[in-house]
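This report concerns only the one structure given below.
In this chain, numbering begins with 1 at the start of the sequence shown. Computed from a predicted model, the values in this text were never measured in an experiment.
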Amino acid sequence: MGHLPAQSPAIDQTIRHDWSIDEIEAIYRLPLLELMGRASAVHQTHHNPNDVQKASLLSIKTGGCPEDCAYCPQSAHHREVKLGKEKLLDPKAVLAMAARAKEAGADRFCMGAAWRKVRDGAAFDAVIEMVRGVRDLGMEACVTLGMLETRHAERLAEAGLTAYNHNLDTSPEYYSQIISTRTYQDRLDTLAAVRGAGIDLCCGGIIGMGESIRDRASMLHVLAGFAPHPESVPINALVPVEGTPLAKRTPVDPLELVRMIATARITMPKSTLRLSAGRTSLNREAQILCLLCGANSVFYGEKLLTTPNPEEDSDTALFAALAAIPASAAQTAF
């Protein structure tokens, strides 16, 4: 308890963009039950706590990425990773998978390509076709394609793209320990292009990569400084993959993920917080704590790009546990 401030930081329901790193760190370090209670109160003010969006994520081009992200099995720099390199999928195959995801209950379909940046040409034209097709299915469409310029963002907006995912990954201070092939400013420039085209931002990060609590607060400081806040904020826990530089990292304590989500909810009250990578290490009760503290979306399906995700039966059981108990069952439950 020695790190806690003498008096807990005041938290209200005001939408702010001027949080300091010190304030955010103090919130993160609150006694856990107090932090959870405050985050839940903010969440219930701005969201229906029973509304949890199901999103599906598909790798449409796998492996061979020229970036050297230390956590990523798709990097061409990590030669010991056992991952097959696959070309860009055919749009018809992608849309067939999107339709199946919709039938399974997903209403947001996310597509990721292991590219450093978007380039003009047939591959980008195919992605535009995928985006249009997903929107025609009545689903939200999100893509993550690496860095992009204004003209690419404008084409994606014209195709009806709902959101563009481009994570900060970590704090500005710790970033060089994780990635050397692109700068933090490169990421911010891409986010500015996305926002300028009128596309929603899907931007979050990863915990468990060796960063400090201060780094986590600093990353949230950047995110909460956007005006408006990112519409979507994925909170990931590192999934250590054999052959990557972070393969030997100890999995993050589930309660650290709870703290991160709770702090994100308090600092970005209206954003959709997505419980993303690392969910396989959480039992049902830990996931429910994350939802209680402000997460209101999960990725639904057996895989997140190339890392495991809870199987459909497990998620079915989770959502069944979240549902109301019918009156007939309630009468015999006690």
Side-chain angles (χ1 to χ4, degrees), residues 53-67 72-76 81-149 151-167 190 193-194 197-202 231-232 234 274 276-277 297-313 315-316:
Q53 185 187 52
K54 297 176 184 176
S56 182
L57 177 58
L58 174 69
S59 178
I60 58 174
K61 186 271 179 186
T62 303
C65 181
E67 304 284 13
C72 185
Q74 300 203 64
S75 170
V81 174
K82 296 178 180 179
L83 179 70
K85 184 177 177 181
E86 299 177 4
K87 295 181 179 180
L88 186 71
L89 296 178
D90 181 79
K92 291 182 180 178
V94 170
L95 295 177
M97 286 183 268
R100 287 198 294 272
K102 181 179 180 180
E103 290 174 3
D107 53 17
R108 185 181 181 101
F109 194 72
C110 307
M111 297 163 280
W115 293 339
R116 170 176 166 77
K117 63 179 181 179
V118 172
R119 299 180 186 275
D120 296 314
F124 186 48
D125 292 343
V127 171
I128 294 294
E129 183 180 344
M130 295 174 198
V131 170
R132 288 199 177 103
V134 170
R135 296 297 283 147
D136 287 344
L137 288 171
M139 304 177 77
E140 295 181 1
C142 178
V143 295
T144 179
L145 311 170
M147 295 181 287
L148 80 169
E149 299 175 24
R151 69 180 186 278
H152 302 129
E154 289 173 347
R155 280 198 67 192
L156 288 166
E158 289 169 3
L161 187 69
T162 308
Y164 192 88
N165 170 254
H166 199 64
N167 289 334
T190 288
V194 171
I199 300 169
D200 285 356
L201 291 187
C202 180
E231 287 77 11
S232 171
R274 302 188 184 278
S276 303
S297 175
V298 298
F299 282 100
Y300 199 67
E302 296 181 4
K303 187 178 288 188
L304 291 181
L305 295 181
T306 60
T307 56
N309 200 43
E311 294 184 359
E312 188 174 325
D313 288 349
D315 277 340
T316 299

Q: Return the minimal non-hydrogen interatomic distance between Ala163 and Arg108, and the atom names on each side.
A: CB-NH2, 2.9 Å
Q. Is any side-chain heavy atom of Phe109 less than 4.5 Å from a side-chain heavy atom of Leu58?
A. yes
Q: Find the distance between CG (Asn167) and OG (Ser276) and round it off to the nearest 0.5 Å.
A: 8.0 Å
Q. Quick one: CG on Leu148 to NE2 on His166, what's the gap to the nearest 0.5 Å?
A. 8.0 Å
Q) With a 4.5 Å heavy-atom cut-off, do Tyr164 and Asp200 have their side chains touching? A) no
Q) Where is the tightest heavy-atom contact between Leu137 and Ala99, given as atom of each residue plus distance? A) CD1-N, 3.8 Å
Q: Starting from the C-alpha separation in whole Å, work towards a yes-or-no answer on side chain to side chain contact (heavy atoms under 4.5 Å, CB included) for Ser232 and Arg274.
A: CA-CA 7 Å; Ser232 171; Arg274 302 188 184 278; 2.5 Å; yes
**Q.** Separation between SG of Cys142 and CG of Leu57, rounded to the nearest 0.5 Å
**A.** 8.5 Å
Q.
When you measure from the side chain of Glu140 to the backbone of Thr162, do you find a donor-acceptor pair of N or O atoms at a distance under 3.5 Å?
A. no
Q) Hey, are the side chains of Arg132 and Val127 touching, using non-hydrogen atoms and a 4.5 Å cut-off? A) no
Q: Could you walk me through whether Leu156 and Phe124 pass side chain to side chain contact (heavy atoms under 4.5 Å, CB included), step by step?
A: CA-CA 10 Å; Leu156 288 166; Phe124 186 48; 3.9 Å; yes
List the atom pairs, with distances to 0.1 Å, where a side-chain N or O of residues 114-123 and a protein N or O form a donor-acceptor pair under 3.5 Å, not counting sequence neighbours.
{"residue": "Arg116", "atom": "NH1", "partner": "Glu67", "partner atom": "OE1", "Å": "3.3"}
{"residue": "Arg116", "atom": "NH1", "partner": "Glu67", "partner atom": "OE2", "Å": "3.1"}
{"residue": "Arg116", "atom": "NH1", "partner": "Thr181", "partner atom": "O", "Å": "2.7"}
{"residue": "Asp120", "atom": "OD1", "partner": "His152", "partner atom": "NE2", "Å": "3.1"}
{"residue": "Asp120", "atom": "OD2", "partner": "Arg151", "partner atom": "NE", "Å": "3.1"}
{"residue": "Asp120", "atom": "OD2", "partner": "Arg151", "partner atom": "NH2", "Å": "2.9"}

Q: For Val94 and Met111, run side chain to side chain contact (heavy atoms under 4.5 Å, CB included): C-alpha distance rounded to whole Å, both residues' side-chain angles, the deciding distance at 0.1 Å, then the answer.
A: CA-CA 9 Å; Val94 170; Met111 297 163 280; 3.8 Å; yes
(Q) With heavy-atom distances below 4.5 Å as the criterion, would you say the side chains of Asn165 and Pro234 are in contact? (A) yes
Q) Taking all atoms of both residues into account, what is the closest heavy-atom pair of Glu154 and Ala197, and its distance? A) N-CB, 4.1 Å
Q. Given side chains that start at C-beta, do those of Met97 and Leu89 come closer than 4.5 Å, heavy atoms only?
A. yes
Q) Can you tell me how far the CG atom of Leu95 sits from the CE atom of Met130, to the nearest 0.5 Å? A) 7.5 Å
Q | Sidechain-backbone polar pair: Arg155 side chain, Ala159 backbone, donor-acceptor under 3.5 Å | A | no
Q. Of the non-hydrogen atoms in Leu88 and Ala126, which two are nearest, and what is the gap between them?
A. CD2-CB, 3.9 Å
(Q) Please find the pair of heavy atoms, one from Ala113 and one from Leu145, that lie closest to each other, and give the distance. (A) CB-CD2, 3.8 Å
Q. How far apart are the C-alpha atoms of Asp107 and Lys102, what are their side-chain angles, what is the distance that settles it, and do they pass the side chain to side chain contact (heavy atoms under 4.5 Å, CB included) test?
A. CA-CA 6 Å; Asp107 53 17; Lys102 181 179 180 180; over 6 Å; no
Q: Could you tell me which non-hydrogen atom of Ala153 sits nearest to which non-hydrogen atom of Ile199, and how far apart they are?
A: O-CD1, 3.4 Å
